[in-house]
Amino acid sequence: MLTQKPIAFSGIQPSGIIHIGNYLGSIKNWLELQDRYQCIFCLVDYHSITVRQTPAELRKNTEGLLKLYLACGIDPKKSIIFIQSQVPAHTELAWILNTITYLGELKRMTQFKDKATRYKENVNVGLFDYPVLMAADILLYQTNVVPVGQDQLQHVELARTLAHRFNQLYGETFTIPQPLIGKGAKIMGLDDPTKKMSKSAKNPGNYIALTDDVETIRKKIARAVTDSGYEVKLSPDKPAISNLLTIYHLLSNIPIKDLEKKYTDKGYAKLKKDLAEVIINFLKPIQEKIKTLDQKTTNQILAAGTRKAQTLSQLTLNRVKEKMGLI
Ligand code: TYM
């Protein structure tokens, strides 16, 4: 089963809404890697429970995310798809990596600081330790590249640091992973273009969910914040229009320069109207495909993915244990 291709690993938390930021920052790039890399795509449910989840919803969201992976074009014949909590090596390696991670390193993590402020009533140890579990996810598969959005860069850097540290302490064991950051690495909120689009945003107008219906998409784009002036241009002093243009470009493949030309003298309203239709047309086949996926098929895909992930991860875990003197 060991493949000659380099390894790409990534994952998404099954915590409810998956938005076009998630798609453009990660899934879109995954699709392009499937032929050149042995891709491993995880549903990282152990990460989700660092924030309180309703059990029935977590189950539903995990099943929904699996269908979304498939509907977006992740091909189970090429890529390994599995659920994190079904492969125990992830938490085992996380424990081991805990012993070479410094408190100061985790205290510096901006996502922890942000979530600790947002979820004040539940600043649990798992939330703090989250980046170590993510390092374990990555390092278990001797990963070469990690396609993620900008907000995960600091976590991938930590995985690199821990891999180096372990290799130095116990001898060559882990491949050093490289982050892979694409053009859609930081899609901003529709209601506030100074902050990233986020699934935990209180205002649903912040994002377009991949499951949003036609009317919702039209409404959300119509209400999206714009900049002063009227010129349709990619520019640092036009964060809102630049964000809309980026989304338009990435979903349509029309170069930004051409879009700027197309909307000269047409104004923001026309840009928004057309963008809504671009998003609707892009999401339509995905939403239709989701409806055709039945439980039996998804169960079979998961069972095969889990078996492969277990085998691959166990090889690394055994090596780690041996190097450390664990019997
Ligand atoms: P998560 O579930 O928050 O997000 C999934 C992916 O979407 C990207 N993303 C964005 N990209 C562009 N613009 C945005 N506004 C935006 N918001 C989110 C994220 O960068 C991510 O790539 N910790 C990870 C999941 C994880 C993981 C891993 C990823 C766990 N273990 C190992 C890679 C490798 C997370 O919470 O992603």
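Counting convention: from 1, in listed order, for ligands and their atoms alike. Note: hydrogens, waters and symmetry copies are ignored here, and every other heavy atom, side chains too, is used.
The closest protein non-hydrogen atom to atom 19 (C) of ligand 1 is D151 OD1, 3.3 Å. Distance from atom 28 (C) of ligand 1 to its nearest protein heavy atom, with residue and atom name: M134 CG, 3.5 Å. With respect to atom 11 (N) of ligand 1, the closest heavy atom belonging to the protein is G21 O, 3.1 Å. When hydrogens are left out, the protein atom nearest atom 6 (C) of ligand 1 is S26 OG, 3.5 Å; that is the closest non-hydrogen contact. The protein heavy-atom contact nearest to atom 37 (O) of ligand 1 is Q152 NE2, 3.8 Å. Distance from atom 25 (C) of ligand 1 to its nearest protein heavy atom, with residue and atom name: G11 O, 3.5 Å.
Atom numbering of ligand 1 starts at 1 in the shown order; those under 4.0 Å from a heavy atom of M197 are 14 (C), 15 (N), 17 (N). Against a heavy-atom cut-off of under 4.0 Å, Y130 is close to the following atoms of ligand 1: 23 (N), 24 (C), 35 (C), 36 (O). For ligand 1 and K196, the ligand atoms under 4.0 Å from any heavy atom of the residue are 15 (N). Each of the following atoms of ligand 1 lies closer than 4.0 Å to a heavy atom of K199: 1 (P), 2 (O), 3 (O). Within ligand 1, the atoms closer than 4.0 Å to a non-hydrogen atom of V148 are 22 (O), 29 (C), 33 (C), numbered from 1 in the order shown. Shown in contact with F9 at under 4.0 Å from a heavy atom are these atoms of ligand 1, numbered in order with element: 32 (C), 34 (C). Every atom of ligand 1 is numbered from 1 in the order shown, and the set under 4.0 Å from a heavy atom of V146 is 33 (C), 34 (C). Proximity to I187 (heavy-atom distance under 4.0 Å) selects the following atoms of ligand 1: 12 (C), 13 (N), 14 (C), 15 (N).
Assignment of M188 to the shell around ligand 1 is not supported, since no heavy atom sits closer than 4.0 Å. A heavy-atom separation below 4.0 Å is not found between L24 and ligand 1.
Remark: ligand 1 and G149 share an N or O pair separated by less than 3.5 Å (distance only, no angle test). Where the criterion is an N or O separation shorter than 3.5 Å, residue side chain and backbone included, S10 fails it with respect to ligand 1. Considering backbone and side-chain atoms together, D137 places an N or O closer than 3.5 Å to an N or O of ligand 1.
Taking every heavy atom of both residues into account, D212 and Q287 meet most closely at O-NE2, 2.8 Å. For the pair H155 and Q152, the tightest heavy-atom approach, listed with the atom from each and the gap, is ND1-OE1, 2.9 Å. Heavy-atom minimum distance, K115 versus Q13: NZ-NE2, 3.8 Å. Summarising the geometry of A201 relative to Y207, their closest heavy-atom pair is O-CE2, 4.2 Å, with the distance given to 0.1 Å.
Neither the backbone nor the side chain of S15 has a heavy atom within less than 4.0 Å of ligand 1. Only the side chain of H47 comes within 4.0 Å of ligand 1, judged by heavy-atom distances. Contacts between I138 and ligand 1 below 4.0 angstrom, taking non-hydrogen atoms only, involve the side chain exclusively.
Side chains of T161 and E105: no donor on one and acceptor on the other come within 3.5 Å. Residues N318 and Q314 have side chains that bring a donor and an acceptor to within less than 3.5 angstrom of each other. With 3.5 Å as the limit, one finds a donor-acceptor pair spanning the side chains of D294 and T297.
Proximity of a side-chain donor or acceptor of Q34 to a complementary backbone N or O of K78 within less than 3.5 Å is not detected.
The environment of CD in E322 is sparse: at most 12 heavy-atom neighbours from other residues, nucleotides or ligands sit within 6.0 Å. Within a 6.0 Å radius of NZ in K199, more than 12 heavy atoms belonging to other residues, nucleotides or ligands are found. In K186, the NZ atom is not crowded: 12 or fewer heavy atoms of neighbouring residues, nucleotides or ligands sit closer than 6.0 Å.
The one candidate from L68, I81, I301 that meets the side chain to side chain contact (heavy atoms under 4.5 Å, CB included) condition with I74 is I81.
Nearest to atom 9 (N) of ligand 1 by heavy atom, out of I181, N22, I18, is N22.
Judged as a salt bridge (Lys or Arg N to Asp or Glu O under 4.0 Å), and not counting sequence neighbours, the contacts of E157 are R160.
Taking the six-membered ring wherever Trp is involved, the centroid distance between the rings of Y141 and H90 falls below 6.0 Å.
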